[in-house]
Structures are given as C-alpha cells and as structure tokens.
Number of protein chains: 2
Amino acid sequence: MTFDEAKDKFIHTWGTLASQWGINRSMAQLHALLLIAPESLATEDIMEQLQISRGNASMNLRDLMDWGLIYKQLKPGERREFFYAEKDIWKVARQVAKERRRREITPVVEVLNELKAIPPDTPEAQEFLRVIAGLGNVVGFADSTLNAVIKAEENWLMGQFLKVFR
Amino acid sequence: MTFDEAKDKFIHTWGTLASQWGINRSMAQLHALLLIAPESLATEDIMEQLQISRGNASMNLRDLMDWGLIYKQLKPGERREFFYAEKDIWKVARQVAKERRRREITPVVEVLNELKAIPPDTPEAQEFLRVIAGLGNVVGFADSTLNAVIKAEENWLMGQFLKVFR
DNA sequence: TTGAATTTTCAAAATATTTTGAAAGGAATG
DNA sequence: CATTCCTTTCAAAATATTTTGAAAATTCAA
C-alpha cells in the first residue's frame, strides 16, 4: 500500500466509523485529514482534498474547535486562517471524554435522580425504581471511566489499570 | 411526579439519549419500555404504548434480540409471542460492551494494522505513522476497558478500579 | 472610509434514516 | 386442508440530517 492509498483509507475509515458514533462524516474526515497533516491547512486545501463545500468546511471546523480537537493559526502576512489538529492523541481522547461526559452522562444522572423520587406504592413502581437504581450504578461506572481518562495526566495509573485487566 | 409521568419521562429520555449513540429512537424506547415492565409484553401492547407500527415493532424487537438485550417468551395457550428484557443491568452493559467491541473496535484495529505497514520514506508518511501508532494505543485502551466490563463477572475488580479513580 | 479577501450563515436541495402499512409468509386450530 | 391469528418483509412515505452555495457579515489593507 502506498502512502496516498493509506491516507485515503484512513480518512475514509475514520469517517465511516464516526457515523456510528453520532459524529457526521465530514467532521470526522476533516479531523482525520488534519490529524495526519504535517502542516496546518487553509480552508481551501481542506475543501479541495475532501471535496466538500465552503459552508460545510466552515461549520465543521468550528465544531471541531468547540470540541477542542483543532486550533486556528494565523500566519503572519497571510489573511486566510489555517487549522491544525491536536496531535497528542491522549489529549484528544481526554477532550472527547470530557465533552461526552458533559453532554451525555450529566443529563442522564439528573433525570435518574428526578425519577428515583417517585413513591414505591405499586409493584410497577417498585420494579421501576429497581431498574432506575441499577442504571444509576452503570452510569456511575461510565462516569468514573471517563473521569479516569480525563484525569490521567500521567500514564501511570492508566498503565496499572491496563495491566490488571489485560 | 407520578409513576406514569416518571415512566413516560424515562422512555422519552432513553430514546433521546440513544440517538446520540447511533441507536434509533424506537429501539431505545422499546428497550426502555421492556426494562421497566414487570411482566412480559405482547407486540400489540408495545405498539399501543409507544404508538408505533407493527412493522417497526417487529424489526426493532428482532434487533434487540440480536443484541441479547431482550428475550422471546412463549406462553402456554397463547398464540402471540411475548417479550421481556434482561433485567440484570450489568449483564446488559456487558452485552452492549461486547457488541460494540465486535462492531467498532475490531474493524479499526484491523485497518490500523494494515496502515502501519507503509514505508516511512517521506515526512508525511512519518507523521502519518506516528498518528497511527498513537491511535493504536488509544484504541487499545478502549478495548481493554470494554474487556474489563465484559469480563467483570464479579464486581470486585470493578470496585477496585473505581476506588482508585474516584 | 472603501473595497477586496475571507469567513459565516442559513434556506433550500440532496441524502440518509426511520417508519409505515399492506401483502406475503408461517404456524396452530378445528 | 382451510381458516384464523400472528409475524415478517419491504417498497414507499415520512422524517431527520447533512450538504450546498450564494448572500450577508467580517476583517484587514490601503
């Protein structure tokens, strides 16, 4: 496999994968492209390489910046904006974990807490409360795991964890 | 909040959440409904409670069975099929972890292995290989984490892990 | 200021996904 | 068997998401 083939395959694969994760294809491909780019790229470069429209590029670049996965660079003497990706993959993972925790875990915890306040008068209500309590535990685990990723500034604890389960 | 309100809110919330996870609303709501049902339900019950069509119910029930999250029950003297959910939430989590690992992690590992075989002749290729190697580590971590969930028949190790990071 | 270069916005178009419902398929009953 | 009851399938319709592209906004240099 040549480098160009590998590059295409990488960008394509990342895009396909991301859609299973609720991230749209353009955003994922954009991220993939910037991840493997040795230099920062201008919007034009991106539009051309991925064959997407200006609007699409603009919106997804912004979303990626919101996620903290890419940065804007201003080159002296250049009017255009350039973009480059965060290359420390663990930092990327931390960033994603942090965002997903905020967007997905936190709201569920709130709803579960609300729901566990109903009176346990009927069998249905009791079953319901059991399920809610169980889900609370699982969500707690997910939360802890994401926190582990987020807080692992050093790789030591992570390494310990991996050793135990491998 | 009354039980009925709580039930509706739970089903609705679960459905909304799931769509961020690439699972469709009907499937998630169906699962939520069965999770909190104290008795197994017939297709008709489900159609009525969730206001969905017969075809929709049929397809999503099958998908949930494929995921190992619900079971079919045949009641003596009844011609209709009944469905009930796996109520052990940790088992549900394990099942989901197992499926996602199979569907998402395994293919990525294969592609990454393919890609890391390119010759490191240019700076671009070298950067690419660095990124691929880094992603390999992150994916390895995700894999280990899912394995931890999958293999944790007992809660002991899980508890240890949580203690360390909490 | 003005105007050229660049980015952002957003309604409409394109695409993708989900849902429906009716027809076809199966299985149990008499 | 034929009939009834129930489930599955799948093309078409409905919905939701993504993408486009041109107009509006912004930025910077002169």
Side-chain angles (χ1 to χ4, degrees), chain A residues 11-34 40-67 69-84 103-104, chain B residues 11-34 40-67 69-84 103-104:
Chain A
I11 291 174
H12 177 264
T13 305
W14 214 239
T16 307
L17 200 83
S19 58
Q20 298 175 324
W21 269 74
I23 293 163
N24 79 47
R25 209 180 66 231
S26 297
M27 181 164 153
Q29 292 189 345
L30 232 155
H31 185 223
L33 176 63
L34 285 173
S40 59
L41 300 178
T43 310
E44 290 284 350
D45 302 333
I46 293 165
M47 288 166 58
E48 197 190 347
Q49 292 211 43
L50 299 181
Q51 292 290 333
I52 60 173
S53 72
R54 185 174 298 285
N56 194 355
S58 171
M59 288 171 121
N60 284 121
L61 284 167
R62 181 161 35 133
D63 286 351
L64 283 170
M65 285 195 290
D66 289 347
W67 276 78
L69 299 181
I70 67 171
Y71 309 105
K72 193 180 273 190
Q73 184 185 36
L74 295 168
K75 287 196 184 177
E78 276 276 13
R79 191 125 157 209
R80 298 175 297 168
E81 296 172 329
F82 289 75
F83 299 89
Y84 62 101
R103 297 179 191 208
E104 292 165 25
Chain B
I11 291 173
H12 178 265
T13 305
W14 214 241
T16 307
L17 200 84
S19 58
Q20 298 174 326
W21 270 75
I23 293 162
N24 79 47
R25 212 181 63 231
S26 297
M27 182 165 152
Q29 291 189 346
L30 231 155
H31 185 223
L33 176 64
L34 286 174
S40 58
L41 301 177
T43 309
E44 290 285 348
D45 302 332
I46 294 166
M47 287 166 57
E48 196 190 346
Q49 292 211 43
L50 299 181
Q51 292 291 331
I52 60 174
S53 71
R54 184 173 299 284
N56 194 355
S58 170
M59 287 169 121
N60 284 120
L61 284 167
R62 179 157 39 127
D63 286 349
L64 283 169
M65 285 195 289
D66 290 347
W67 276 77
L69 299 181
I70 67 170
Y71 310 104
K72 192 180 276 190
Q73 186 185 34
L74 295 167
K75 288 195 184 177
E78 276 277 13
R79 195 128 152 201
R80 299 174 297 167
E81 296 173 330
F82 289 74
F83 299 89
Y84 62 101
R103 297 180 191 207
E104 292 165 24

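The sequence lines fix the lettering, A, B, ..., with proteins before strands; numbering per chain opens at 1. In this text, all values refer to a predicted model and were calculated from it rather than measured experimentally.
- Looking at R79(A), its side chain comes within 3.5 Å of the base of dC28(D) through a donor and an acceptor atom.
- To the nearest 0.5 Å, the span separating OH on Y84(A) from CG on L41(A) amounts to 13.0 Å.
- At a threshold of 4.0 angstrom between heavy atoms, the contacts of N56(A) include nucleobase atoms, whether or not backbone atoms are also involved.
- Taking side-chain N and O atoms only, R62(B) has no distance below 4.0 Å to OP1 or OP2 of dT7(D).
- Distance check, rounded to the nearest 0.5 Å: CZ of R62(B) to CZ of F83(B) gives 11.0 Å.
- With rounding to the nearest 0.5 angstrom, the OG1 atom of T13(B) is 9.5 Å from the CD atom of Q29(B).
- We find that CZ of F82(A) is positioned 13 Å from C1' of dA5(C), with the value rounded to whole Å.
- Residue I46(A) contributes atom CD1, which lies 15 Å from atom P of dT6(C) at whole-angstrom precision.
- Going from atom CE of M47(B) over to atom P of dC6(D) covers 12 Å, rounded to whole Å.
- L61(B) has its CG atom 8 Å from the P atom of dT8(D), to the nearest Å.
- With the nearest nucleotide of DNA chain C identified for both R80(A) and S19(A), R80(A) has the one nearer the 5' end.
- Among the heavy atoms of the strands lying under 4.0 Å from R54(A) is at least one base atom, whether or not backbone atoms are also near.
- Residues D63(B) and D66(B) meet the side-chain proximity criterion, which asks for heavy atoms closer than 4.5 Å.
- Between the CG atom of N60(B) and the P atom of dT9(D) there is a distance of 13 Å, given to the nearest Å.
- Fit an axis to the five pairs at each end of the helix from dT1(C)-dA30(D) to dG30(C)-dC1(D) and the two axes sit 10° apart, to the nearest 10 degrees.
- As rounded to whole Å, 16 Å separates atom P of dT18(D) from atom CG of L50(A).
- Atoms CG and OG, from N56(B) and S26(B) in turn, are 4.0 Å apart once rounded to the nearest 0.5 Å.
- For S26(B) and dT19(C), the shortest distance from a side-chain N or O to OP1 or OP2 is below 4.0 Å.
- Here dT18(D) is the nucleotide among dT20(C), dT18(D), dT9(D) with the atom lying nearest to any side-chain atom of N24(A).
- Distance, Q51(B) CD to dT19(C) C1': 14 Å, rounded to whole Å.
- The side chain of M59(B) lies closest to dT9(D) when the candidates are dA16(D), dT8(D), dT9(D).
- Atom CG in D63(A) sits roughly 11 Å away from atom P in dT9(C) (whole-Å rounding).
- For the pair S58(A) and dT9(C), the criterion of a side-chain N or O lying under 4.0 Å from OP1 or OP2 is not met.
- Considering CG of L17(B) and CD1 of I23(B), their distance stands at 9.0 Å, rounded to 0.5 Å.
- Around atom CD of E48(B), no more than 12 heavy atoms belonging to other residues, nucleotides or ligands sit under 6.0 Å away.
- E44(B) comes within contact range of no nucleotide atom at all, as no heavy-atom separation falls under 4.0 Å.
- Once rounded to the nearest 0.5 Å, the distance linking OG1 of T43(B) with CE of M47(B) reads 8.0 Å.
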